[in-house]
Engineer: 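Just passing along the structure, written as structure tokens.
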Amino acid sequence: MTRIFNDPADFADEALAGFCDAHSDLVRQVEGGAVRRNRPATPKVAVITGGGSGHYPAFAGIIGPGFADGAVVGNIFTSPSTQQAYSVAKAANSGAGVVFTYGNYAGDVLNFGMASERLNAEGIAAENVLVTDDIASASTSEIEKRRGIAGDFTVFKVMGAAAEAGLDLASVVRVGRKANEQTRTIGTAFGGCTFPGAEQPLFRLPEGHMGLGLGIHGEPGLFDTELPSAVELGTELVRRVLEEAPAEHAGRIAVILNGLGSTKLEELFVLWRTVAPLLRDAGYTLVMPEVGELVTSLDMAGVSLTVTWLDEELEQYWTAPALTPAYRRGMVGFEVTPAGELASDEAYDGAADYSSTAESHEYAAQCLAALDTTAALLRASEAMLGDMDAIAGDGDHGRGMVRGSAAALAAATAAYSAGAGAGSVLIAGGDAWADKAGGTSGVLWGAGLRAFGERLGDTDIPTADDLAGAVRAFASRITDLGKAEIGDKTMVDSLLPFAGSFTSAVAAGSAVEEAWASAAATSAEAAAATAELRPLKGRARPLAEKSIGTPDPGATSLAMVFAAVGPHFTAVPVAAAASN
Ligand code: ADP
Ligand code: MG
């Protein structure tokens with residue numbers, strides 16, 4: 001239970017502000033997150049971690065000499081936006097390039113990836129290192145699909161030390177990927193965590209049970225078992241991790257016994273009493289093991305065991321000194337200079353110069369009404385969509401869609417007032433959606449809306465064919481970015497049927513509003529039918545079995561929104577234009 005908050009929606013922002021104040025000797029708040037207080041004396045690779053909030057000390061707590069240069073801080077359990085990642089990277093870059101490192105979650109992969117593209121295009125070399133340590137989240141044959149949990153900490157630590165030692169960007173990336181390849185984690189949950197302001201935890205376990213294979217976003221374990229004794233639990237965790245020991249190793253390991261938020265440190269020490277001897281009996285030397293809270297999940301009760309098989313290089317960086325708000329090791333004599341000027345943050349150009357024909361500006365009013373309807377509908381559906389996402393995902397879909405659509409409406413309204421045409425109004429809306437929603441669905445909706453707007457343009461009132469083209473542009477952008485296919489149990493499952501049905505009905509000469517309405521009905525059926533599917537993409541994938549029987553939240557919200565906005569997009573003058 002989280003008890004200290006004001007408006008729950010502001011929790012992550014307020015926590016970040018308080019953290020930056022309390023640790024102002026080491027960190028500095030910037031747009032999108034935080035960076036080191038002091039710039040390095042000479043250019044060095046900037047290691048930037050990130051992801052959603054709720055995992056403290058991950059990720060801002062490990063900013064400082066020897067560790068991270070910056071952290072991009074999203075809303076609770078929600079990927080930060082592309083703009084946030086870009087902005088933190090600009091502030092942290094000291095001239096030797098940046099590397100984003102984060103757990104393998106679709107929203108993070110998309111947003112950090114898009115920020116990297118933008119940085120590279122500007123001449124700032126940017127790379128990405130994904131952490132995939134969670135044994136339970138996929139089999140070894142699909143190891144690249146595994147998610148990142150407490151192993152984040154080892155990988156980030158090693159990369160931070162390598163960058164501090166002066167390695168170049170390619171070498172820091174190489175060391176990070178090696179650390180990730182050598183790292184395995186298995187976790188177990190005893191109880192779910194509760195969002196600030198929520199009455200119920202994201203999941204509950206039956207009395208006396210635990211969930212093996214926890215996620216760090218309040219995802220329940222992959223299988224429930226009866227709660228064992230500490231010795232049995234320790235034995236099971238060690239057995240599962242050592243099952244994946246590399247064929248060849250030097251017998252030296254970094255170990256983390258990590259508490260998830262409300263498990264007492266004393267409990268961890270009791271468990272350690274089993275874990276450490278078992279690892280030693282297996283022939284390992286434990287190098288600077290950590291028992292504590294390093295990657296948490298709000299107030300979740302649970303524990304995870306991480307092992308990193310070290311070679312000489314990894315050991316050197318694992319044991320190197322570090323000085324951060326949440327984690328200190330060894331003697332740190334880093335050379336620093338006073339804070340430089342903040343790199344200018346490229347903000348949205350609110351005062352953009354719009355040129356639009358009168359017709360397109362008129363149609364823009366209908367687009368604005370569509371966004372207004374969307375925002376109202378999603379506000380009313382927030383809890384329903386959140387509950388649906390909590391079954392196998394992380395419960396944030398409702399919140400993300402509300403934040404995104406509200407931001408889109410505000411930005412689109414501003415653009416409209418500045419004289420924008422339909423295309424620019426939707427582009428402004430899409431960019432704001434992507435920036436403020438967070439999460440996978442936020443990036444995809446934002447990018448899709450932008451593509452829709454680009455297709456409409458600021459000159460003509462769309463014909464029915466134009467509208468079908470815009471819907472297809474929306475769909476293509478989403479499949480290009482997210483790479484999901486029909487049947488993967490994502491929003492694509494209700495989107496492509498909509499686009500297909502609308503396109504063929506228009507081509508067959510149906511009246512545009514009827515074509516839209518029947519496409520919406522097809523889309524709603526397709527969304528409902530996702531209940532029977534196993535998720536193959538996104539955060540719900542590791543919990544595929546639990547998801548069966550529940551429709552995909554993203555497919556559901558998409559079908560709802562498309563049904564609701566039809567009358568706005570298809571109202572005269574579109575119909576008139578189409579029949580010309
Ligand atoms: P997150 O998964 O980051 O928590 P949300 O909860 O807001 O983001 O959105 C979840 C929805 O995103 C899923 O229900 C699914 O429809 C959609 N989704 C996830 N991954 C993809 C993908 N690769 N392509 C298309 N849609 C996706
Ligand atoms: Mg989610």
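Whatever order the structure lists ligands and atoms in, that order sets their numbers, starting from 1. Side-chain atoms are counted along with the backbone in the values below, which use heavy atoms only and exclude waters and symmetry mates.
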Engineer: Between R147 and E142, is there a salt bridge with N-O shorter than 4.0 Å?
Structural biologist: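 No, this pair does not count.
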
Engineer: So is P553 in contact with ligand 1, going by heavy-atom distances below 4.0 Å?
Structural biologist: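 Right, P553 reaches ligand 1.
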
Engineer: Mark up the atoms of ligand 1 that fall under 4.0 Å of a heavy atom belonging to D389, in ascending order.
Structural biologist: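 Checking each atom against D389, I get 6 (O).
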
Engineer: So for G439, does at least one of its heavy atoms come nearer than 4.0 angstrom to any atom of ligand 1?
Structural biologist: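 Contact check G439 vs ligand 1: positive.
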
Engineer: Tell me which protein heavy atom sits closest to atom 27 (C) of ligand 1, plus the residue, atom name and distance to 0.1 Å.
Structural biologist: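 Checking every protein heavy atom, the shortest distance to atom 27 (C) of ligand 1 gives T490 CB, 3.6 Å.
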
Engineer: Specify which N/O/S atom of D389 comes nearest to the Mg ion (ligand 2), by atom name.
Structural biologist: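 The Mg ion (ligand 2) is closest to the D389 atom OD2, counting only N, O or S.
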
Engineer: What verdict does the salt bridge (Lys or Arg N to Asp or Glu O under 4.0 Å) test give for D133 and R146, after you've listed the backbone C-alpha separation in whole Å, the side-chain angles of each residue and the deciding distance to 0.1 Å?
Structural biologist: CA-CA 7 Å; D133 59 310; R146 287 181 172 176; over 6 Å; no

Engineer: Which residue owns the protein heavy atom closest to atom 9 (O) of ligand 1, what's the atom, and how far is it?
Structural biologist: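 For atom 9 (O) of ligand 1, the nearest protein heavy atom is H397 ND1, 3.2 Å.
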
Engineer: Please find the N/O/S atom of D396 nearest to the Mg ion (ligand 2) and write down its name.
Structural biologist: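 The D396 atom nearest to the Mg ion (ligand 2), restricting to N, O or S, is OD1.
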
Engineer: Could you tell me whether E144 atom CD has more than 12 heavy atoms of other residues or ligands within 6.0 Å of it?
Structural biologist: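 Counting other residues, nucleotides and ligands, CD of E144 exceeds 12 neighbours.
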
Engineer: Suppose I only count heavy atoms of A484 and a 4.0 Å limit; which atoms of ligand 1 are within that range?
Structural biologist: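 Answer, ordered by atom number: 22 (C), 24 (N), 25 (C).
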
Engineer: If the cut-off is 4.0 Å to any non-hydrogen atom of G482, which atoms of ligand 1 fall inside it?
Structural biologist: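 Result: 22 (C), 23 (N), 24 (N).
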
Engineer: Start with the C-alpha distance between E181 and R177, add both sets of side-chain angles, then the distance that settles salt bridge (Lys or Arg N to Asp or Glu O under 4.0 Å), and finish with yes or no.
Structural biologist: CA-CA 6 Å; E181 274 164 29; R177 296 208 172 122; over 6 Å; no

Engineer: Verify whether the ring centers belonging to F569 and F452 lie closer than 6.0 Å.
Structural biologist: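 Centroid distance F569-F452: below 6.0 Å, so yes.
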
Engineer: Nearest protein heavy atom to atom 25 (C) of ligand 1, by residue and atom, and its distance?
Structural biologist: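 So the nearest neighbour among protein heavy atoms is L444 CD1, 3.3 Å.
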
Engineer: Atom 20 (N) of ligand 1: which protein heavy atom is closest, and how many Å away?
Structural biologist: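 Closest protein heavy atom to atom 20 (N) of ligand 1: T440 CG2, 3.5 Å.
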
Engineer: Give the residue, atom name and distance (to 0.1 Å) of the protein heavy atom nearest atom 15 (C) of ligand 1.
Structural biologist: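 Ranking protein heavy atoms by distance from atom 15 (C) of ligand 1, first comes D552 OD2, 3.4 Å.
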
